[in-house]
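For reference, the structure discussed in these notes is given below.
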2 protein chains.
Amino acid sequence: MSIDTLGLREQKKRETRQAISDHATQLFLQRGFDRTTIADIAGAARVAKMTVTNYFPRKEDLALDHHEAFVAGLAEAVARRPPGESALGAVRRAYAQALEQRDPVIGFTGRDFARMIADSPTLVARLRDLHEQREEALARLLTTEIDRTGEASDETGRTGETDPTDATGRSSGTGGTPPEDNVGGEAGGGVIVARAVAAQLAAADRLLFRELQRRTLAGQDDDEIAGALAETARRVFDLLEPAISTYAVRRPA
Amino acid sequence: MSIDTLGLREQKKRETRQAISDHATQLFLQRGFDRTTIADIAGAARVAKMTVTNYFPRKEDLALDHHEAFVAGLAEAVARRPPGESALGAVRRAYAQALEQRDPVIGFTGRDFARMIADSPTLVARLRDLHEQREEALARLLTTEIDRTGEASDETGRTGETDPTDATGRSSGTGGTPPEDNVGGEAGGGVIVARAVAAQLAAADRLLFRELQRRTLAGQDDDEIAGALAETARRVFDLLEPAISTYAVRRPA
DNA sequence: ACAGATTTTTAGGTCCGTCCTAGATTTAGG
DNA sequence: CCTAAATCTAGGACGGACCTAAAAATCTGT
């Protein structure tokens, strides 16, 4: 459990994982995702097939690694908003910043990588899954903020009837919590608004991701894309402004 | 090619297809989707495995049949709106009507069916895919309406710079049109607004579907669900109202 | 430094969905 | 009735996901 020395075992695990990931990426970009088998990757990395599966349970995980940051990103941007900023404002600002940084999280993946994804139905489906988890994480955050801060904006007015028994997220698309959370019955009025706001913000996020991906596939360079997407983002977020600009405004400390 | 007599061959095809679908549904509800093999279904329907695959290329198609109506539904509701009604108004009205009719399209599938879907990651993913196609169909419609009617509402103002070269939809998630549509480059400003509106309406649609599914899984009966969802829908659509209530209002004929 | 405990890797195999092929069967239309 | 077309069948190939037992490597306590 030593922290600084890391241990030889842990070190080798990282090396093995990295080696597998590297060879996989190379083969995917070279031959395409579906035309590369796990056996190919295992052979290139000189490990057993089972070792590949061990590190990356699903084949898609080899191409879409670091998905945890992606899933949490949207919610974290909102969680870190300064006093006076709304959820929409936080998302808008985070997107502009990611645009400046050419952040892969919003779609700056490079042309070959974008093509690899677009050419594989499996990867497209997995990306959809990740986007939904991204929305779920945001919905979870906004829902808990109702309880913690008595979130209630003016656009619906009657969130007073909220019975804040629930703050748990929904059962995930795949995994799932078999015993249905006790929310179910009648979720308080505020919960549905939080979910609706999360749905709208996530929809904007997905739309912008797709636009960026489209331009990447069309061969535009990153600077050109960043410029165009800044304007696109402005329009998309402006459209949401009258609906949710007063939702989840962080109260001045 | 006779229309009224249908032909013996066509008749038998329908019977075979129906028999396979019926046996599949029964087995799925009984044992669950993932614990039922195609061989089981073929055996129950007394046909060869290949015949099952022949009628239903993917296993998911056996559980989520009639997906064409589902995919087209949202766009058709908007396409059929009367003069003076906006896209949002059309979707809201269509949803209320579907709620009255206990329409399976919005999630009235029965408890066992809902559980079958929720228990299978494969089916959940496929359902997501269908929802996205539903959004794409709507986006396609709203985009074409820009060209046809010079759609330009007041919320963005500057849709005048639209260069209506494009009306085609995006390449579908799975299938796809390999040669990128020539839109790509710089889509006119109106196109992105149309896509954003479609994204918001589809997000609301998905959210309401999930809420209905959640209640179904919780064991609520259809009347109880319909009542609660009517209120939920009102809140969700009300939230969108200030953003897009003036978008795509059909001009009085 | 060594022995036992723990973790990781390996090799083998099973199961199932998807895809392919060739041949048998059935229907449609002359 | 006979030919052409479509459909169904059987069998197998392939790949991804999963399982098991055993081998190899690393860690731990003495």
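Chain identifiers are assigned alphabetically (A, B, ...) following the order of the sequence lines, protein sequences preceding nucleic acid strands; residue numbering begins at 1 within each chain. In what follows, every heavy atom counts, from backbone to side chain, and hydrogens, waters and symmetry copies are set aside. Given the structure is predicted, the values throughout are model-derived calculations rather than measurements.
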Whole angstroms only, please: what is the OH-P distance between A:Y55 and D:dG16? 20 Å

If you take all heavy atoms of A:F209 and A:L127, which pair is closest and at what distance? CE2-CD2, 3.7 Å

Measure the acute angle between the ring planes of B:F28 and B:F33, then classify it against the limits of 30° and 60° as parallel, tilted or perpendicular. tilted

Proximal nucleotide (of C:dC20, D:dA25, C:dA11) relative to the A:M50 side chain: C:dA11

Round to the nearest Å and state the distance from A:R35 atom CZ to C:dC19 atom P. 14 Å

Taking any heavy-atom pair under 4.0 Å as a contact, classify B:N54: base, sugar-phosphate, or nothing. sugar-phosphate

Separation of A:K12 atom NZ from D:dA25 atom C1', in whole Å? 7 Å

Return the value, rounded to whole Å, for the distance between atom CZ of B:R46 and atom P of D:dT9. 11 Å

Which nucleotide in D:dT9, C:dG17, D:dA17 has an atom nearest any side-chain atom of A:R58: D:dA17

With no hydrogens and no angle check, just 3.5 Å: does a side-chain donor-acceptor pair link B:D22 and B:Q18? yes

Side chain of B:T16, heavy atoms from C-beta onward: which of C:dT18, D:dA17, D:dC8 has the nearest atom to it? D:dC8

Earlier contact from the 5' end, DNA chain D, for A:D34 and B:A48: B:A48

Please report the distance, rounded to the nearest Å, between CG in B:L27 and C1' in C:dC16. 16 Å

Assign B:T36 to base, sugar-phosphate, or nothing according to its heavy-atom contacts below 4.0 angstrom with the strands shown. sugar-phosphate

Is the shortest side-chain N/O distance from A:T51 to OP1 or OP2 of C:dT10 below 4.0 Å? yes

Got a salt bridge between B:R206 and A:E132, using NZ or NE/NH1/NH2 to carboxylate O under 4.0 Å? no

Send over the distance from B:R14 CZ to D:dC8 P, rounded to a whole Å. 14 Å

Out of C:dT18, D:dG15, C:dC16, minimum distance to the side chain of A:T37 belongs to D:dG15

Take atom NZ of B:K49 and atom C1' of D:dG12, then tell me their distance rounded to the nearest Å. 9 Å

Could you state the atom-to-atom distance from CD of A:E10 to P of D:dA25 in whole Å? 18 Å

Among the nucleotides D:dG16, C:dG17, C:dT10, whichever has the atom closest to the side chain of A:V47 is C:dT10

Would you call A:D112-A:R115 a salt bridge at under 4.0 Å N-O? no

